[in-house]
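One structure is given here, and the rest of the page talks about it.
Because the structure is predicted, anything quoted here is derived from the model rather than measured. Counting starts at 1 for both ligands and their atoms, in listed order.
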Amino acid sequence: MEKTLTIGLTLFLILCLDMPEAGGQNVENSQKSLSHSSDTKGGRCSYTFIVPQQKLTGALCLNTQSATANNLEVAALRAELRQQQEQLEKLQGQLEQEGALAMEVRALHKEINSMNSRIAQLYTQLLHEVIQKKDQALEQRRVENLLLNATTQALQVSSNYRELEKKYGALTSMMSSQTQFISRLEKQCQCRDSTLVTTEPPKSQSNVHPNYSSEANKMTSDVQRDQSALPPQQENTRGVHSPTTTTASTPLDSPVISIPVTKTPGPWRDCQHVLESGETTSGIYLLRPQSDNRLLQAWCEQSQAQGGWTVIQRRQDGSVNFFRTWEQYKQGFGNLDGEYWLGLEHLYWLTKQARYKLRVALEDWQGRQVFADYDRFHLEPESDWYRLRLGQYQGNAGDSLSWHNNKAFTTLDRDKDSYNGNCAHYQKGGWWYHMCAHSNLNGVWYRGGHYRSRYQDGVYWAEFHGGSYSLKRVAMMIKPT
Ligand SMILES: [Ca+2]
C-alpha cells in the first residue's frame with residue numbers, strides 16, 4: 001500500500017512538471033507539494049492527496065518533448081503568424097488599391113452618365129435645329145413661290161396693258177380715219193348736189209367716242225334702272241338716226257339729224273363762225289378750234305337768240321346716261337341729234353380762242369321756258385381739272401351756277417368738289433360742284449318733274465324749280481361775245 005502511494009505521488013509530480021502551462025497557481029502548489037514530499041524523503045514518510053481542480057474530459061495529451069522544442073515550435077508559429085500578418089497587410093493594401101480603383105470606376109461611371117446626358121441634350125438640340133432649318137427652307141420655298149406668282153401676274157398685267165395700248169392706238173387711228181372719211185363724204189355730197197338733201201345720216205357723236213369702258217356701261221345700266229320708264233320713241237331712236245332734214249330747229253325741239261347744206265365745207269372755229277359764213281340753218285357742223293388740230297362735230301343753234309350758239313350740252317328725253325367717268329366727260333358722249341355732252345377738252349379749246357358767253361336754256365314739264373346767261377365762260381385746262389370761270393349772271397331762270405364758279409369739274413371717279421363725299425356719286429353726273437347744291441344739269445332725267453330719290457340727283461336748277469324737280473328740256477350753249 002505504501003509503495004502504491006509513492007508511485008502515485010511520483011507520477012503526479014511528473015504530471016505537474018509536464019504541465020507548466022496549466023496554471024501558475026497549480027504549479028506553485030505542486031512544487032510546494034513536491035518540496036514537502038522531498039522533505040519527507042529524508043525524514044518521515046508522508047503522503048499527500050491530490051484533488052484535481054477541474055474535471056478533465058476527453059483525451060489528455062501528454063507532451064513528452066522538452067521545453068526547447070516547444071519554444072522552437074512557438075517561434076515557428078510566431079514566424080508563420082508574422083508571415084500571415086504580412087500577407088494580411090499585403091492583402092489589405094491590395095484591397096485598399098482595389099477600393100480606390102472602384103471609386104475611380106464609379107467616378108468614371110458618373111462621368112459617362114453625365115456625358116451621355118450631355119450627348120442626348122446635344123442630339124435633341126441638333127434635331128431641333130435641323131427641324132428649324134427645314135421649316136426655314138419650306139418658308140423660303142413658299143416665299144419664292146409667292147414671288148414667282150407675283151412676277152407672273154405682273155408680267156401678265158404688263159402684257160394685257162400692252163395689248164390694251166395697241167387696241168387703244170388702233171381705235172384712235174380708226175376714229176381719226178373715220179372722222180376724215182366722214183368729212184370727205186360730206187364734202188362730196190355737198191359738191192355733187194347742192195340742192196338735194198343728203199339722206200345719209202352722219203355718224204353720231206357716240207361713234208366718235210368709241211372707247212367707253214365696260215364699267216361705264218355697267219353704271220349706265222344702274223342709272224337706267226333709277227330712271228322712270230322711257231317713252232317708246234326713245235327706245236326706238238336710241239342709236240338709230242332719224243331722217244335728215246334741213247328744217248331749222250331749236251335745241252328744245254324733238255331730236256332730228258340735220259346736216260345743213262353749206263356753201264363751204266368747213267371746218268369752222270365755232271357756230272358763230274358758221275353763222276358768219278352765211279350758214280343760218282341749225283344742225284350739226286364740223287368744227288375745229290384754233291390751236292387745236294382735232295376736228296369735232298357740234299350742234300349749231302342758229303335760230304334762237306340771234307343764232308351762232310354752239311350747243312355744249314343737251315337733255316330732253318333721258319336717252320343718254322350722264323353718270324360717266326372723267327375720261328368720258330373729257331372726250332364727250334351721247335348723240336348730236338339728241339342728248340349729248342360735247343366734251344371738256346373741246347370746251348377748253350373752244351373757249352380758249354375768244355371770249356365766250358354762256359346761255360342755259362331750261363324748260364319745265366308745263367312748257368315754261370326760261371334762260372340764264374353768263375357774260376363770260378371759259379374753262380381752265382385739264383391740269384387744273386377744267387375749272388369753271390363764269391361771268392355775270394343775267395336772265396329769268398335764277399342764278400344756280402355762280403355757286404359753282406371757280407370750281408373744278410368732278411366725276412364719279414375724280415372727286416374735286418368741296419364736299420366730304422363725291423357729289424358726282426350722289427347726284428349721278430359730272431359737274432363743276434362746289435358742294436352738292438343749286439344745280440346739276442347732268443343728273444338723272446326723271447319723267448314728270450318732281451321726283452322721289454334718296455339723293456338730289458335729278459336734272460335740276462334749284463333757283464328755277466328747286467332741287468327735287470327734274471327739268472324736261474335743258475341746253476347749254478356758248479357764243480363769242
Ligand atoms: Ca369731295
Legend entry - Salt-bridge criterion met for Glu139 and Arg142 (N-O under 4.0 Å): yes
Legend entry - Asp373 bridged to Arg359 by N-O distance under 4.0 Å: yes
Legend entry - Flag if over 12 foreign heavy atoms under 6.0 Å of CD, Gln306: no
Legend entry - All pairs passing disulfide bond (SG atoms under 2.5 Å apart) where residues 395-462 contributes a residue, at least two apart: Cys423-Cys436
Legend entry - Criterion ring-ring contact (aromatic ring centres under 6.0 Å, His included) against Phe409, the qualifying member of Tyr386, Trp341, Trp431: Trp341
Inset, instruction - Using ring-ring contact (aromatic ring centres under 6.0 Å, His included) as the criterion, point out the one residue from Tyr419, Phe323, Tyr426, Tyr460 that pairs with Tyr455. - result: Tyr426
Inset, instruction - Determine how many protein N/O/S atoms sit closer than 3.0 Å to the Ca ion (ligand 1), leaving waters out since they are not shown. - result: 5
